[in-house]
Amino acid sequence: MTLSPTAPASRAAVGSATPPPVDRQRLEHLHHTVSGWFTAESRDLPWRDPDRTPWGVLVSEVMLQQTPVVRVLPVWHEWMERWPEPALLAAEPPGEAVRAWGRLGYPRRALRLHAAATVIAAEHGGRVPDTEEGLLALPGVGSYTAAAVAAFAFGRRATVVDTNIRRVHARLVGGEALPAPALTAAEQRRAAELLPEDAALSVAWNASTMELGALVCTARSPRCAECPVAADCAWRAAGEPPPSYTPKGQAWHGTDRQVRGAVMAVLRAAEHPVALELFTGPAPEPELVSETAPEPVPGPGAGLVSGPGGAVSRARSPHAMALARLHALRTGPEQLERAIAGLVADGLAVDDGGRLALP
DNA sequence: GACCCGTGGAT
DNA sequence: TATCCAAGGGT
């Protein structure tokens with residue numbers, strides 16, 4: 001990426017040829033156009049509300065790591081109602097954060113968010129740090145989250161680089177279908193060069209570029225007909241060349257991750273420490289239950305549920321259902337032990353004398 | 001840099 | 001049904 005005010009606007013070539021440089025005039029056009037699109041088309045998300053707090057922004061950014069907005073929304077509201085300030089979360093056991101995390105996935109994020117709240121309460125007077133450097137020092141906060149919170153919670157000029165922004169940059173000015181599998185130094189440089197100098201404009205650019213990637217310039221089927229800068233897109237000008245690599249899918253069935261997830265579901269549903277024999281022992285007898293029940297609200301035992309044909313049967317407790325789901329995986333004992341040991345090593349579970357529990 | 005870490009909707 | 005993918009971070 002080059003920024004040369006005097007560079008001629010050469011015609012975009014087809015194939016692997018270098019896309020034309022972005023001169024200052026074109027850059028300002030992009031800033032204005034994409035930000036204008038954001039004003040008209042962006043989603044009305046609660047962590048963008050004027051009443052939001054920096055803590056609310058931080059929680060949203062961590063929850064949104066690798067997790068879609070629609071799944072985050074209800075959990076974020078629950079967290080904000082229960083823990084409107086980081087000190088309130090820090091006052092509870094970390095396991096409560098893991099339990100309230102529900103099915104967002106990657107429960108280590110919940111653990112680190114609790115740890116971050118503890119640091120904020122103990123070392124920052126209960127206030128979220130307002131600089132990238134201060135944010136970066138928090139557990140679970142990496143380069144993306146630090147920049148995002150600095151920009152969106154505090155209005156600072158920070159180079160935000162997430163998967164959406166990477167994809168928009170790759171297409172719009174890079175002429176490529178998709179960014180590289182992993183973030184490169186060249187991408188970070190390009191993002192820094194594209195960022196408006198003015199702080200307020202930079203925040204708008206970060207937010208609008210991210211939103212454009214989420215709603216229009218999507219990974220699978222980009223909605224170019226709705227794109228405000230389609231006419232400026234280097235990828236389209238190049239004839240929409242295909243990705244230069246094929247993503248390798250991540251296996252799931254039979255992996256340790258699947259087993260860890262099933263074990264965590266049992267612990268989240270359990271009100272008391274669970275004997276290890278219940279994980280490794282024989283599966284409980286099958287019963288008529290709804291396998292599509294939502295994430296259980298931890299509560300007392302079994303209730304009645306109406307089954308097929310209006311029949312009423314005794315439903316297993318959420319805990320028993322999670323246990324049944326784990327046993328349905330038919331995991332070998334050594335893999336089960338490995339998964340549990342991993343959870344303990346990560347601090348997601350504690351072995352309380354032969355019983356497993358949330359920390 | 002490679003690899004690991006959850007979950008569920010969309011295609 | 002199988003694969004892809006989603007506001008990444010840590011080791």
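Not measured: the values here are computed from a predicted model. Letters A, B, ... mirror the listed sequences (proteins, then strands); counts begin at 1.
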Any chance NE2 of A:His32 has more than 12 other-residue heavy atoms, nucleotides or ligands included, within less than 6.0 Å?
-> no

Interatomic distance, A:Arg325 CZ vs B:dT7 P [rounded to whole Å] | 9 Å

Within-4.5 Å side-chain heavy-atom neighbours: A:Asn206 and A:Val203 | no

Is the CZ atom of A:Arg48 crowded by more than 12 outside heavy atoms at less than 6.0 Å?
-> yes

Check side-chain hydrogen bond (donor to acceptor under 3.5 Å, both in side chains) between A:Thr118 and all other residues, then give those that pass, not counting sequence neighbours.
-> none

Closest-nucleotide 5' rank along DNA chain C - winner of A:Ser143 and A:Leu178 | A:Leu178

How would you label the contact of A:Arg112 with the nucleic acid (heavy atoms, under 4.0 Å): base, sugar-phosphate, or nothing?
-> sugar-phosphate

Just call it for A:Gly142: base, sugar-phosphate, or nothing, with non-hydrogen atoms closer than 4.0 Å on any strand.
-> sugar-phosphate

Counting heavy atoms from C-beta on, name the nucleotide in C:dC5, C:dA7, B:dC5 closest to the side chain of A:Arg260.
-> B:dC5

Is A:Arg220 touching bases, backbone alone, or none of the nucleic acid, heavy atoms closer than 4.0 Å?
-> base

Within less than 4.0 Å of OP1 or OP2 of C:dC5, is there a side-chain N or O belonging to A:Arg167?
-> no

Roughly how many Å is it from CD1 in A:Ile165 to C1' in C:dG8, rounded to a whole number?
-> 13 Å

So, with a heavy-atom separation below 4.0 Å from DNA chain B, the residues of residues 251-259 of chain A are A:Trp252, A:Arg257

Full working for salt bridge (charged side-chain N to carboxylate O under 4.0 Å, His left out) between A:Arg99 and A:Glu92 = CA-CA 12 Å; A:Arg99 198 189 300 276; A:Glu92 297 211 33; over 6 Å; no

For atom CG of A:Leu73 and atom C1' of C:dA7, their distance in whole Å = 12 Å

Measure from OH on A:Tyr106 to C1' on B:dC5 and round the result to the nearest Å.
-> 5 Å

Pairwise P distance, B:dC5 and C:dA7 [rounded to whole Å] = 22 Å

Derivation and outcome, salt bridge (charged side-chain N to carboxylate O under 4.0 Å, His left out), residues A:Glu132 and A:Arg156 = CA-CA 9 Å; A:Glu132 272 192 89; A:Arg156 292 190 180 276; over 6 Å; no

Any residue of residues 30-48 of chain A with a heavy atom less than 4.0 Å from an atom of DNA chain C = A:Arg43, A:Leu45, A:Trp47, A:Arg48

Where along residues 338-350 of chain A does a heavy atom fall under 4.0 Å from DNA chain C?
-> none

Separation of B:dG1 P from A:Gln188 CD (nearest whole Å) = 10 Å

Could you tell me whether the phosphate oxygens of B:dT7, OP1 or OP2, come under 4.0 Å of any side-chain nitrogen or oxygen in A:Arg268?
-> yes

Parallel, tilted or perpendicular: which fits the ring planes of A:Trp47 and A:Trp76, with parallel below 30° and perpendicular above 60°?
-> perpendicular

Shortest non-hydrogen contact from A:Val72 to A:Met63?
-> CG2-O, 3.4 Å

Starting at the 5' end of DNA chain B, which residue's closest nucleotide do you reach first, A:Arg109 or A:Val70?
-> A:Arg109

Of A:Thr209, A:Leu212, A:Val216, which meets side chain to side chain contact (heavy atoms under 4.5 Å, CB included) against A:Val229?
-> A:Leu212

Which residues, if any, of residues 144-154 of chain A bring a heavy atom under 4.0 Å of DNA chain C?
-> A:Tyr144, A:Thr145

Got a sec: does the CZ of A:Arg355 have more than 12 other heavy atoms crowding it under 6.0 Å?
-> no

In residues 54-69 of chain A, which residues come under 4.0 Å of DNA chain C by heavy atom?
-> A:Glu61, A:Leu64, A:Gln65, A:Gln66, A:Pro68

Would you mind classifying the nucleic acid contact of A:Leu104 as base, sugar-phosphate or nothing, using non-hydrogen atoms under 4.0 angstrom?
-> base

